[in-house]
Amino acid sequence: MSNRLNTAPNDLGAFWMPFTANRQFKKEPRLFVGAKDMYYTTHDGRTVLDGTAGLWCVNAGHCRPKITEAIREQAGELDYAPAFQLGHPKAFELANRLVDIAPEGLDHVLYTNSGSESVDTALKVALAYHRAKGQGSRFRLIGRERGYHGVNFGGISVGGIVANRKMFGTLLTGVDHLPHTHLPGKNAFTRGEPEHGADLASELERIVTLHDPSTIAAVIVEPVAGSTGVLIPPKGYLQKLREICTKHGILLIFDEVITGFGRLGTPFAAQYFDVKPDIITTAKGLTNGVIPMGAVFVTSEIHDAFMTGPEHLIEFFHGYTYSGNPIASAAALGTLDTYREEGLLTRAAELAPYWEEALHSLKDCPHVIDIRNIGLIGAIELEPIAGEPTKRAFSAFLKAYEKGLLIRTTGDIIALSPPLIIEKQQIDELFDKLRDVLENNI
Ligand SMILES: Cc1ncc(COP(=O)(O)O)c(CNc2cccc(C(=O)O)c2)c1O
């Protein structure tokens with residue numbers, strides 16, 4: 001067996017790729033070999049505009065100097081330090097920086113290595129918190145249809161995307177789901193938050209009545225549902241969830257793996273909607289996608305509930321080998337520096353109107369049945385090809401790649417989430433290319 005690193009397109013057999021049509025890919029490989037700011041470079045020398053910030057994570061754009069240098073320097077100074085009973089300064093410095101930009105009251109941070117781990121960490125914190133408060137009967141977790149919370153067993157249990165669940169057996173028991181909020185008949189082509197659907201939050205009262213509040217630990221939602229194809233909360237919906245959770249002593253978890261770190265034009269979606277959750281899960285933009293890292297924000301009420309008993313004892317039996325990893329922490333600090341220096345945590349608010357106009361200008365393209373947007377997120381829903389669901393959007397993905405544009409597709413929905421450094425002429429480039437794709441036989 002050859003040990004040499006051979007990235008020639010005919011040497012792709014060993015890597016079983018995630019969330020990928022492996023056979024199709026390996027017949028027509030799509031390999032990036034470089035990136036800078038808004039653009040990727042492909043293995044065959046083409047430039048591709050990054051319309052998705054990689055996977056919703058490269059918020060500052062590619063190969064940004066402060067981040068690269070922070071990683072380089074840290075790797076030569078302190079490569080690894082345990083976070084169990086030991087520490088290193090950058091993990092604490094980063095936690096303080098993160099708390100400074102978080103919604104008021106989210107004062108403590110646990111580190112993870114991904115969004116999936118952030119979600120499972122949050123669910124475990126919620127269950128253990130109620131136990132610490134003497135309400136161990138609260139074992140239920142409430143998710144939402146079409147929700148995406150990563151691929152660990154907790155996340156797929158509270159998640160609501162069928163394909164992510166159906167292959168994996170019984171999942172966590174004691175889980176229920178809110179209805180999703182997509183009302184195409186009423187809200188099609190809405191700009192920003194839909195007018196209709198806030199009353200769907202009242203379904204939580206029905207679920208609480210069914211199970212009794214004493215059995216429910218937490219509700220977890222994405223403030224803006226991303227992976228399912230961009231579902232934006234109806235006006236007042238999140239506020240209603242907050243009210244009901246507060247009324248019944250249920251923790252509200254905002255899964256902000258996508259919306260965190262400036263995607264909506266505020267540091268977090270919680271600030272955009274002015275709704276304060278008890279826990280926020282993050283990853284992606286935390287390190288600009290460069291080093292795997294996640295962070296879970298919790299209130300002092302939650303944190304302090306664990307800080308009891310003899311001080312030589314571990315208060316919370318949870319954590320990862322790489323929690324707060326020095327190089328990841330350095331990457332995150334370099335990322336926050338870049339966000340701060342370039343105003344990237346709020347820049348999406350400045351660009352959102354221009355983005356919205358450019359996105360909705362595609363309404364007249366063939367097979368477009370809905371367009372949705374908020375901040376620097378956009379979605380174009382296409383009419384499925386009869387009997388071949390997802391194929392129209394996948395064809396658009398392939399054609400866009402050929403034309404030098406990277407888009408995401410889920411089902412027959414095109415999802416867009418460019419780096420927050422995008423300029424107006426690059427927004428024009430993005431939608432000119434996408435119009436070309438949509439108007440040419442996909
Ligand atoms: C809300 C949310 N929660 C958890 C995760 C899981 O994060 P990790 O992948 O780091 O474990 C996510 C990730 N979301 C995600 C990841 C990859 C692709 C796409 C897409 O929509 O195309 C979305 C997410 O969007």
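Just so it is clear, the values below take in all heavy atoms, side chains as well, and ignore hydrogens, waters and symmetry mates. Both counts, for ligands and for their atoms, begin at 1 and track the order of listing.
Side-chain atoms of T281 and D255 form a donor-acceptor pair, as typed in the model, at a separation below 3.5 Å.
Closest heavy-atom approach to atom 16 (C) of ligand 1 among the candidates E222, R408, K284: K284.
Scanning all protein heavy atoms for the shortest distance to atom 12 (C) of ligand 1 gives Y148 CE2, 3.4 Å. Here the heavy atom of the protein found nearest to atom 20 (C) of ligand 1 is W56 NE1, 3.1 Å. When hydrogens are left out, the protein atom nearest atom 7 (O) of ligand 1 is G115 CA, 3.2 Å; that is the closest non-hydrogen contact. Nearest protein neighbour of atom 3 (N) of ligand 1, counting heavy atoms only, is D255 OD2, 2.7 Å.
I220 pairs in a side chain to side chain contact (heavy atoms under 4.5 Å, CB included) with only one of the listed residues (L251, I279, V158), which is V158.
Neither the backbone nor the side chain of F19 comes within 4.0 Å of ligand 1, counting heavy atoms alone. With a 4.0 Å heavy-atom cut-off, ligand 1 is reached by the backbone of S116 and by its side chain too.
Distance check: S114 OG to Y320 OH gives 7.0 Å after rounding to the nearest 0.5 Å.
In summary, the aromatic rings of F261 and W56 are positioned with their centroids too far apart to meet the 6.0 Å limit.
Each of the following atoms of ligand 1 lies closer than 4.0 Å to a heavy atom of I258: 25 (O). For ligand 1, the atoms closer than 4.0 angstrom to any heavy atom of S227 are 14 (N), 15 (C), 19 (C), 20 (C), 21 (O), 23 (C), 25 (O). Using a 4.0 Å cut-off to heavy atoms of S114, the atoms of ligand 1 that qualify are 10 (O), 11 (O). Of all atoms in ligand 1, listed by their number and element, those nearer than 4.0 Å to a heavy atom of L55 are 17 (C), 18 (C).
Ion pair R72/E69 flagged as a salt bridge, since at least one NZ, NE, NH1 or NH2 atom sits closer than 4.0 Å to an Asp/Glu carboxylate oxygen. No salt bridge links R263 with E256; every basic N to acidic carboxylate O contact stays at or beyond 4.0 Å.
Taking the side chain as every heavy atom from C-beta outward, F254 and L238 approach each other to under 4.5 Å.
Taking the ring axis of Y401 as reference, the NZ or CZ atom of R46 stays within 45° of it and closer than 6.0 Å to the ring centre.
The shortest separation from a heavy atom of T410 to ligand 1 is not under 4.0 Å, leaving the residue out of contact.
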